[in-house]
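The structure appears below as structure tokens.
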Amino acid sequence: SDYPQPASPLAAFTLVVLDNPLLARAEVVKQGRVVGSTSASQHAPSVRLLFPKGGENLSTSPLTIQWQAADGDNNPLTCLLQYSRDNGVTWQALVADWPQSSYTVNLAELGATTQGLIRVIASDGFHAVADTSDGPFTAPNQPPSVMIATPLERDQFSGVQSIFLAGSAVDQEDGQLADANLTWTSSRDGL
């Protein structure tokens, strides 16, 4: 045993393979020996997106996205939830490996759109199926997220002391905002 031993005997990995209806079993092989396997169940899961379906003008935050997912073999299902602001040209993941049939998100995390779509992909660990909004929905423009790094909320200062101000702002539509777009105000001295 001249080689260092791994900290844990467990390793996680993801391998994406092309869909093949003839694929019925996956095996993990180490040194010619099968150390793990999974077989396809008889039935693929089903999924149906319930909200938002399309045509909605979303204005209430937080937004609860809802769907129904089922598996004829009673296998546990996990879902990948995705969002598109550009009618499906690009997608961003909202949550992965989600075991429930609803997910709540703040509208500020989505950003403004007139061509929003939601896609839910349900998987039994072997088979995966997807459903997408039937048409685009609208989400309003949201204010940027602002973070003050220093001073911290409970910091105290006394006498003649330098106080360093640091902060940032991120907008879902415009990305990181330049420092020139940020202003500082004080309840005592104003701008």
Side-chain angles (χ1 to χ4, degrees), residues 1-54 58 62-111 113 115-137 139 145 147 149 168 170-173 175-176:
S1 158
D2 293 48
Y3 300 101
Q5 295 297 313
S8 170
L10 300 176
F13 61 91
T14 300
L15 178 65
V16 177
V17 295
L18 295 175
D19 185 29
N20 181 340
L22 300 177
L23 188 62
R25 183 173 171 84
E27 298 178 338
V28 177
V29 178
K30 180 180 179 184
Q31 298 173 340
R33 196 179 106 221
V34 175
V35 295
S37 66
T38 185
S39 296
S41 56
Q42 189 173 8
H43 303 95
S46 63
V47 66
R48 184 168 64 101
L49 183 63
L50 301 175
F51 182 81
K53 289 297 287 175
L58 306 177
L63 168 70
T64 300
I65 301 165
Q66 300 171 335
W67 62 92
Q68 289 177 334
D71 184 74
D73 303 301
N74 292 321
N75 292 323
L77 299 177
T78 58
C79 294
L80 168 63
L81 193 61
Q82 298 176 314
Y83 170 63
S84 173
R85 267 196 274 176
D86 54 16
N87 206 29
V89 175
T90 60
W91 294 91
Q92 72 181 56
L94 295 176
V95 66
D97 296 329
W98 192 250
Q100 299 168 11
S101 60
S102 67
Y103 183 73
T104 301
V105 62
N106 288 323
L107 284 179
E109 295 176 44
L110 299 182
T113 185
Q115 298 184 7
L117 296 174
I118 294 291
R119 176 167 61 193
V120 60
I121 302 170
S123 173
D124 64 5
F126 206 96
H127 299 293
V129 294
D131 192 23
T132 303
S133 303
D134 294 336
F137 56 82
S145 299
M147 195 261 320
S168 64
V170 177
D171 188 79
Q172 280 294 73
E173 294 81 23
Q176 183 77 30

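Below, all heavy atoms of this structure are taken into account, side chains as well, without hydrogens, waters or symmetry copies. Position 1 is the first residue of the sequence; numbering continues from there.
Put simply, the side chain of Trp67 does not reach to within 4.5 Å of the side chain of Asp131, judged on heavy atoms. Between Leu50 and Gln68 the shortest side-chain heavy-atom distance falls below 4.5 Å. In this structure, the side chains of Tyr83 and Ile65 stay at 4.5 Å or more apart for every pair of heavy atoms.
Residues Gln66 and Ser102 come closest through the heavy atom pair CG-CB, 4.2 Å. Nearest approach of Arg25 to Ser39, heavy atoms of both residues: NH1-OG, 3.1 Å. Heavy atoms only, all atoms of each residue included: Glu27 and Val34 are closest at OE1-CG2, 3.7 Å.
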Please list every donor-acceptor pair under 3.5 Å in which a side-chain atom of residues 116-125 meets a protein atom from a residue at least two apart or in another chain.
from, atom 1, to, atom 2, distance (Å)
Arg119, NE, Gln82, OE1, 2.6
Arg119, NH2, Gln82, OE1, 2.7
Ser123, OG, Gly125, N, 2.9
Ser123, OG, His127, O, 3.3
Asp124, OD1, Phe126, N, 2.8
Asp124, OD1, His127, N, 2.6
Asp124, OD2, Ser41, OG, 3.1

When the side chains of residues 89-97 are checked against the rest of the protein, which donor-acceptor pairs come out under 3.5 Å, sequence neighbours left out?
from, atom 1, to, atom 2, distance (Å)
Thr90, OG1, Asp86, OD1, 3.4
Thr90, OG1, Asp86, OD2, 2.7
Trp91, NE1, Gly88, O, 3.2

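Taking a 6.0 Å sphere around CZ of Arg33, one finds it holds 12 or fewer heavy atoms contributed by other residues, nucleotides or ligands. No more than 12 heavy-atom neighbours from other residues, nucleotides or ligands sit within 6.0 angstrom of CD on Gln42.
Salt bridge Lys53/Asp134: present, at least one basic N to carboxylate O contact under 4.0 Å.
How far CD of Glu109 is from CG of Leu63: 10.5 Å, rounded to the nearest 0.5 Å. Here the straight-line distance linking atom CG of Leu49 with atom OG of Ser101 works out to 11.5 Å at 0.5 Å rounding.
With sequence neighbours excluded, the residues that form a ring pair (Phe, Tyr, Trp, His ring centres under 6.0 Å) with Tyr103 are Trp98.
Checking side-chain atoms of Thr38 against main-chain N and O of Ala26 turns up no donor-acceptor pair under 3.5 Å.
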